[in-house]
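Structure first, commentary second.
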Amino acid sequence: MSAPRWLSPSEQRAWRTHLALHKLLMHRLDRELQEHALSLNDYEILVNLSESPDRRMRMSDLADATIQSRSRLSHQISRMEAKGLVTREDCRDDRRGTFAVLTDDGWATIQRVAPFHVASVREHFVDRLTDDQLDALETAFGPIVDHLKKLR
């Protein structure tokens with residue numbers, strides 16, 4: 001086994017800054033969504049369903065889109081069903097498959113909460129950066145996202 005390639009001081013600072021940003025931002029966004037009786041996971045699921053044809057997705061596709069295990073997503077969907085935000089439907093073409101479907105209440109919820117959430121994303125992230133900085137983040141993180149998606 002070869003010796004580890006330790007991070008340089010600048011690499012360590014960049015890594016730790018990224019970790020702190022991610023944790024603090026996700027915590028803040030989640031707290032602000034709780035004011036609307038939603039978690040960040042709830043919101044992400046509502047967004048994915050609201051943007052899908054017929055406001056429905058196969059559970060396996062939704063798990064992939066939200067980067068969750070199928071088991072964890074199933075539990076999350078059960079909680080959201082109890083709130084009346086989503087329902088499950090069997091796939092007609094594949095008896096093993098199940099759809100998560102956005103209910104009318106779920107649709108009303110995403111329409112009501114989205115303006116608050118986007119304002120929060122702007123306040124805590126987008127408006128803190130210049131257009132050039134946003135472009136640089138996309139350029140820098142895009143290849144990393146692509147690499148990690150291939151490993152899934």
Side-chain angles (χ1 to χ4, degrees), residues 1-52 55-88 99-152:
M1 183 170 152
S2 63
R5 288 183 51 221
W6 297 111
L7 300 181
S8 70
S10 65
E11 290 168 336
Q12 186 72 260
R13 286 191 307 274
W15 175 242
R16 289 182 180 180
T17 299
H18 165 74
L19 290 177
L21 166 69
H22 177 75
K23 288 178 182 181
L24 289 165
L25 183 59
M26 294 305 105
H27 177 73
R28 170 56 44 197
L29 295 176
D30 193 57
R31 282 189 60 180
E32 291 181 5
L33 282 170
Q34 287 174 10
E35 296 172 13
H36 302 278
L38 293 175
S39 70
L40 196 51
N41 284 336
D42 293 336
Y43 187 82
E44 184 180 19
I45 289 167
L46 293 177
V47 166
N48 274 277
L49 293 175
S50 72
E51 294 174 347
S52 296
R55 299 184 191 142
R56 69 178 52 233
M57 287 181 77
R58 289 182 70 102
M59 290 283 287
S60 57
D61 293 338
L62 186 56
D64 290 344
T66 59
I67 311 171
Q68 295 187 59
S69 70
R70 277 134 180 83
S71 174
R72 182 163 192 250
L73 177 67
S74 182
H75 290 296
Q76 182 75 31
I77 292 294
S78 293
R79 289 189 292 274
M80 294 176 74
E81 278 182 305
K83 293 180 180 181
L85 301 172
V86 298
T87 189
R88 292 179 219 227
F99 284 106
V101 183
L102 191 63
T103 63
D104 289 341
D105 284 346
W107 175 241
T109 297
I110 192 69
Q111 288 183 305
R112 176 178 50 81
V113 176
F116 293 100
H117 181 66
V118 93
S120 185
V121 169
R122 283 197 160 284
E123 177 185 355
H124 302 302
F125 184 75
V126 173
D127 291 346
R128 304 261 172 236
L129 301 167
T130 66
D131 289 344
D132 287 343
Q133 288 171 321
L134 289 168
D135 289 343
L137 280 176
E138 183 180 3
T139 299
F141 289 155
I144 298 167
V145 169
D146 293 343
H147 164 74
L148 293 171
K149 281 182 177 179
K150 289 176 187 173
L151 298 176
R152 292 186 61 222

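Basis for what follows: all heavy atoms, side chains included, without hydrogens, waters or symmetry-related copies. Residues take their numbers from the sequence shown, with the count starting at 1.
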Worksheet entry | Minimum heavy-atom distance between R112 and P115, given as atom pair plus value | O-CD, 3.5 Å
Worksheet item: How many angstroms lie between atom CG of D64 and atom CZ of R58, to the nearest 0.5 angstrom?
Response: 11.0 Å
Discussion item. Please tell me whether N48 and E44 have a donor and an acceptor in their side chains that are separated by less than 3.5 angstrom.
Written reply: no
Worksheet entry | Heavy-atom side-chain contact between T103 and K83 under 4.5 Å | no
Practice prompt. With side-chain contact (heavy atoms from CB on, under 4.5 Å) as the test, would you mind laying out the steps for R79 and S39 before giving the verdict?
Written response: CA-CA 11 Å; R79 289 189 292 274; S39 70; over 6 Å; no
Worksheet item: Nearest heavy-atom pair of R72 and N41: which atoms, and what distance?
Response: NH2-ND2, 3.2 Å
Item to complete: Indicate yes or no: at least one non-hydrogen side-chain atom of E32 is less than 4.5 angstrom from one of H124.
Response: yes
Item to complete: Check the surroundings of atom CZ in R70: do more than 12 heavy atoms from other residues, nucleotides or ligands lie under 6.0 Å from it?
Response: yes
Item to complete: State, with a plain yes or no, whether a side-chain heavy atom of L46 is found less than 4.5 Å away from one of V113.
Response: no
Worksheet item: For the atom pair CH2 (W6) and CD (E11), what is the distance rounded to the nearest 0.5 Å?
Response: 13.0 Å
Worksheet item: Any side-chain heavy atom of L38 within less than 4.5 Å of one from L85?
Response: yes
Practice prompt. Give a yes or no on whether D146 atom CG has more than 12 heavy-atom contacts from other residues, nucleotides or ligands under 6.0 Å away.
Written response: yes
Fill in: Taking every non-hydrogen atom, the tightest pair across L49 and A100
CD2-O, 3.3 Å
Discussion item. With a sphere of 6.0 Å drawn around CD of E138, does it hold more than 12 non-hydrogen atoms of other residues, nucleotides or ligands?
Written reply: no
Fill in: Check: E81 main-chain N/O paired with R88 side-chain donor or acceptor under 3.5 Å
no
Worksheet item: Between R56 and L102, is there a donor-acceptor pair closer than 3.5 Å when you use the side chain of the first and the backbone of the second?
Response: no
Worksheet entry | Value rounded to 0.5 Å, distance of CZ in R55 from CH2 in W107 | 4.5 Å
Worksheet entry | Test salt bridge (Lys or Arg N to Asp or Glu O under 4.0 Å) applied to D132 - qualifying residues, sequence neighbours left out | none
Worksheet entry | Greater than 12 external heavy atoms within 6.0 Å of R5's CZ | no
Practice prompt. Answer yes or no: is there a side-chain heavy-atom contact under 4.5 Å between Q68 and I45?
Written response: yes
Item to complete: Find out whether L134 and F125 are in side-chain contact, i.e. whether some heavy atom of one side chain is under 4.5 Å from a heavy atom of the other.
Response: yes
Discussion item. Pair F99, T87 - check side-chain contact (heavy atoms from CB on, under 4.5 Å), show working.
Written reply: CA-CA 8 Å; F99 284 106; T87 189; over 6 Å; no
Item to complete: Specify the closest pair of heavy atoms between S120 and L29, including all atoms of both residues, with the distance to one decimal.
Response: OG-CD2, 3.3 Å
Worksheet item: For the side chain to side chain donor-acceptor pair (under 3.5 Å) test, which of Q34, H27, R28 pairs with D30?
Response: Q34
Worksheet item: Sequence neighbours excluded, which residues qualify as ring-ring contact (aromatic ring centres under 6.0 Å, His included) partners of W15?
Response: H18
Worksheet item: Would one find more than 12 heavy atoms of other residues, nucleotides or ligands at under 6.0 Å from atom CZ of R16?
Response: no
Discussion item. Please enumerate all residues that pass salt bridge (Lys or Arg N to Asp or Glu O under 4.0 Å) together with D61, with sequence neighbours excluded.
Written reply: none
Practice prompt. Return yes if a side-chain donor-acceptor contact under 3.5 Å exists between S8 and S10, otherwise no.
Written response: yes
Worksheet entry | Sidechain-backbone polar pair: T109 side chain, D105 backbone, donor-acceptor under 3.5 Å | yes
Discussion item. Around atom CG of D104, are there more than 12 heavy atoms from other residues, nucleotides or ligands closer than 6.0 Å?
Written reply: no
Fill in: From CA spacing to verdict: side-chain contact (heavy atoms from CB on, under 4.5 Å), L33, D42
CA-CA 9 Å; L33 282 170; D42 293 336; over 6 Å; no
Worksheet item: Are side-chain heavy atoms of Q76 and T66 found at a separation under 4.5 Å?
Response: no
Practice prompt. Would you check if the side chain of S50 reaches a backbone N or O of V47 as a donor-acceptor pair within less than 3.5 Å?
Written response: yes
Worksheet, complete the sentence: Between the CE atom in M59 and the CG atom in L73, the distance rounded to the nearest 0.5 Å is 4.0 Å
